[in-house]
Structures are given as C-alpha cells and as structure tokens.
Asker: 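Provided herewith is a single structure, encoded as structure tokens, for subsequent inquiry.
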Amino acid sequence: MNSSAKASPWWTPSVHADRRPFLIGRNAIQAALRGFFAREDFLEVDTATLQISPGNEAHLHAFATEALTTDGQRAPFYLHTSPEFACKKLLAAGEERISCFAHVYRNRERGPLHHPEFTMLEWYRAGESYESLMMDCVRIVALAAETAKTEKLAYRGGESDPFAGPERISVAEAFERHAGIDLLSSVAAGGSTDRDHLAAEMKRVGMRVADDDGWADLFSRVLVEKIEPHLGFGRITILDEYPVSEAALARPSARDPRVAERFELYACGVEIANGFGELTNAAEQRRRFEIEMAEKARIYGETYPLDEDFLAALSLMPEASGIALGFDRLVMLATGASRIDQVLWAPVAEYGR
C-alpha cells in the first residue's frame, strides 16, 4: 500500500462507521455532564464567538476576521480562543454558577490532541474556592467513564483509574521529583523570575538550554519533557500552584506569593483542564496582559487588543473560581479514541496541503 495515499474523508461511510461509536459516546457524555451541572444548580450559558479580543496569552494564536458596518466600515474581530471573558462578564452581571459548552478556535494547532476548532467546557463558581473545581473534576471524570461504560481512561498505552482518588502535587514538587530542579529558587517573592538561575539548574541536570530562551521557555521545556510524561498514570493528577508568571488570569496564593491559584488536570499524560482562583484586580490584570502581549510581539511579531469591557467588568466581578476543560479530550480518554478528530462529528477540513 502506498503510505502517501490520501486518507478517505471523514464522511466516507466506512470511515464514519468506525468513528460512530466514539461519537455516540460523545453525545452520551455531554448529556451526562449537562445533567451534572443542572443538579448542581448551574445555568448553562451561550456566549458569542466573535470578540474584540480573542484572549491575551502570548502563545495562543487566533483566527482573525472583520465585521462590516451598515455603511461599509470595517472593524476587526477574532474568533474567541475561550469563552472566558464573556463568562466573567456574566459573573459581573450577577450570575453565580454558570457552565458553557463553547466551540472555540485556535490557530497553529492540529494533531492527535489538537484541532483548530474544538469544544471547551467552562464553568464558574462565584464565592467558592478553586479547590471546589478540583472536586468537580474528580466527579466529572468518574461520570464520563461511567457513562462510557469503562473502568479506565486510556491513551497511547497509558491508563488511569477514573474512580481512584487523585494525586495532587505542586509544580515545584513535580520539578524536584521528576527533574531534580529547584524551581522556586528562580522566582522572587513578587513573582519576578531569574532566567539565568533556572538555566543553571537545567544545565546541572543535563537539560538543553538555548541562548535566546527566556524563563518561560525554559519552564515549558522542563514541564513538557520531564514532568508531563509522569502525570495522570494509574490515577488522575492535579498539578497545582503554578508560578505567578505562568498564571496570567489567576490570583496569587495566600500561602506563597511566588505561586498562583492555578491547577491543571492530567490523565494518561494528557492535560484535560486548567482551573483558577480568578484574578479580579483590573489594574493587575491589565499589567499581566501587557506583559503577555509584549512577549507575543517579541516572539511572533503580533499582538491582540485588550478587551476594555472585560477589564471594566472586573471591578464588579465577585471572588470566583473558574475552569476550562477540553471536552473532546475527555471523550477521547473515556471512549478509547486515539485522535481528537475521531470524536468530532464533522472535523475541520484539512488545509495547508
């Protein structure tokens, strides 16, 4: 067989027949999660896809478009990378528990775990700690597995027991355990970072460091190469307390100002969810966004506008916790699919060929 032969499209009956069990599982899991949130007194909301700002994280890439006014004037818009800004505006408006299944869009992303358009499940709890989100995650993972009639989550030979209690480990503990690196020795009390110190730690344990790597580049390399391959095997892992500089939308921890109330959920080495104790200080949020956009300009030569309505809404937003979960990835792990396009009813057309 010619290995370069083009694969049959997803709508080919035989291909669809192979994918259909995963898709039926997707629908069942989505219905089960909607029931979960209804029982927890959440309101399901629906947010606009077109936004003034798609998000302000340095390494997220958006799809740009434009609107035409009735008199033909052009106005730039973006497809959102997350419904987060809109959801937080709803918290400012007075909602207390909201959930949202949103189609979101991220450019420069396509692979077994990435798709340019995918479904993100976000939910927010006003007046509740981010630990409450961790408990939500434990219950949601178990419910997804129960609905899919499986006793394990699986991906690329790795397995995780969705009914076992989670491992909870801080980022600093994970760096020490899996890489032999003292991460927080390169983070000051105010959250500023020491690139050269972290580089020296990495060189000490034999890791590659490039001259133009910033602290964030080095952090990400250790996380991807040394930490993530150990997370979520046997049971799910909650990776907690990210350095403040790696948590632009999260508030600092009361326990240690060098770290933030941010966690990520992993199963089978796959990151599933990203949760925060939400930052509500508008001036600090603006400062962080400006830092992120300066980094984006340095690396990619472009920036995205700030959503001034979002920054204004923060003055009304209550203390809250919020989380974004990659719904398609959860479905993959629960149904045993090996690629994200197997759990999408109608994947985005291939491009760039």
Side-chain angles (χ1 to χ4, degrees), residues 51-62 64 76 78 80-82 84-89 106-109 130 171-172 175 183-199 201-202 209-224 239-254 256-264 271 274-315 317 320 322-324:
Q51 297 288 338
I52 295 294
S53 173
N56 296 109
E57 296 179 49
H59 301 291
L60 286 184
H61 303 279
Y78 297 88
H80 66 180
T81 59
S82 161
E84 180 171 5
F85 290 0
C87 285
K88 289 181 177 178
K89 291 173 187 176
R106 297 190 179 181
N107 224 334
R108 296 196 184 193
E109 294 191 11
Y130 83 132
V171 173
F175 267 61
L183 175 66
L184 293 183
S185 64
S186 69
V187 183
S192 61
T193 56
D194 186 333
R195 181 266 179 201
D196 292 340
H197 186 88
L198 181 55
E201 282 282 287
M202 292 173 63
V209 173
D211 290 342
D212 60 348
D213 281 334
W215 188 94
D217 301 313
L218 300 175
F219 173 86
S220 296
R221 183 169 302 132
V222 178
L223 185 67
V224 171
L239 185 65
D240 191 17
E241 295 187 340
Y242 276 69
V244 167
S245 63
E246 295 299 308
L249 289 146
R251 59 179 172 244
S253 168
D256 185 340
R258 296 175 296 176
V259 300
E261 291 187 355
R262 175 191 175 189
F263 75 90
E264 290 194 318
E271 183 251 316
N274 187 16
F276 303 106
E278 302 292 355
L279 180 67
T280 56
N281 182 316
E284 174 62 13
Q285 186 66 85
R286 181 184 297 275
R287 185 188 73 84
R288 294 189 190 182
F289 280 167
E290 289 173 347
I291 291 172
E292 288 287 312
M293 290 300 91
E295 181 72 355
K296 189 174 189 66
R298 180 185 72 84
I299 298 172
Y300 304 110
E302 65 174 345
T303 63
Y304 298 139
L306 305 188
D307 184 337
E308 295 294 341
D309 273 355
F310 167 66
L311 292 171
L314 287 182
S315 65
M317 181 178 154
I323 187 166

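Note that these values count all heavy atoms, side chains included, but never hydrogens, waters or copies made by symmetry.
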Asker: Report the distance from atom CD of E278 to atom CD1 of I323, rounding to the nearest 0.5 Å.
Answerer: 10.0 Å
Asker: How would you list all residue pairs meeting salt bridge (Lys or Arg N to Asp or Glu O under 4.0 Å) that involve residues 239-253, not counting sequence neighbours?
Answerer: R168-D240, E241-R255, R251-E261, R251-E319
Asker: Nearest 0.5 angstrom please: Y130 OH to S253 OG, how far?
Answerer: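 Spacing of OH (Y130) from OG (S253) equals 6.0 Å.
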Asker: Partners of R221 by side chain to side chain contact (heavy atoms under 4.5 Å, CB included), sequence neighbours excluded?
Answerer: M202, M207, R208, D213, L218, E225
Asker: By side-chain hydrogen bond (donor to acceptor under 3.5 Å, both in side chains), which residues pair with E308, not counting sequence neighbours?
Answerer: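 E308 satisfies side-chain hydrogen bond (donor to acceptor under 3.5 Å, both in side chains) with R286 only.
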Asker: Sub-3.5 Å donor-acceptor pair from the side chain of Y304 to the main-chain atoms of A62, do we have one?
Answerer: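 Pair found, side chain donor or acceptor close to backbone of A62.
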Asker: Can you check whether N56's main-chain N or O pairs, donor with acceptor, with K296's side chain at less than 3.5 Å?
Answerer: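 Pair absent, no side-chain N/O of K296 close to backbone of N56.
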Asker: Is K88 paired with D307 through a side-chain N to carboxylate O contact shorter than 4.0 Å?
Answerer: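 Not counted as a salt bridge, because no side-chain N and carboxylate O are separated by less than 4.0 Å.
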Asker: Rounded to the nearest 0.5 Å, how far apart are OH of Y242 and CG of L223?
Answerer: 5.0 Å
Asker: Is it true that E290 and R287 have a side-chain N and a carboxylate O under 4.0 angstrom from each other?
Answerer: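 Answer for the salt bridge query: no.
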Asker: Could you tell me the separation between the CG atom of L183 and the CZ atom of R258, rounded to the nearest 0.5 Å?
Answerer: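 Here the interatomic distance stands at 9.0 Å.
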Asker: For the residue pair S186 / W215, report whether a side-chain donor-acceptor contact shorter than 3.5 Å exists.
Answerer: yes
Asker: Does E292 pair with R288 as a salt bridge, N-O distance under 4.0 Å?
Answerer: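 So E292 does not pair with R288 through a salt bridge.
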Asker: When rounded to the nearest 0.5 angstrom, what distance separates CZ in R106 from NE2 in H80?
Answerer: 10.0 Å
Asker: Any donor-acceptor pair under 3.5 Å linking the side chain of T303 with the backbone of A297?
Answerer: no
Asker: Test side-chain contact (heavy atoms from CB on, under 4.5 Å) on F219 and R195 and set out the steps.
Answerer: CA-CA 9 Å; F219 173 86; R195 181 266 179 201; over 6 Å; no
Asker: Is the side chain of T280 donor-acceptor paired with the backbone N or O of L314 at a distance under 3.5 Å, no angle test?
Answerer: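 It does not hold such a pair.
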Asker: Enter the distance from R108:CZ to L60:CG here, rounded to the nearest 0.5 Å.
Answerer: 11.5 Å
Asker: Of the non-hydrogen atoms in R262 and N274, which two are nearest, and what is the gap between them?
Answerer: NE-OD1, 3.0 Å
Asker: When you look at F310 and Q285, which way does the side-chain contact (heavy atoms from CB on, under 4.5 Å) test go after all the steps?
Answerer: CA-CA 10 Å; F310 167 66; Q285 186 66 85; 4.1 Å; yes
Asker: Is the H59 ring parallel, tilted or perpendicular to the Y300 ring (thresholds 30°, 60°)?
Answerer: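 Ring orientation, 0 to 90° scale: perpendicular.
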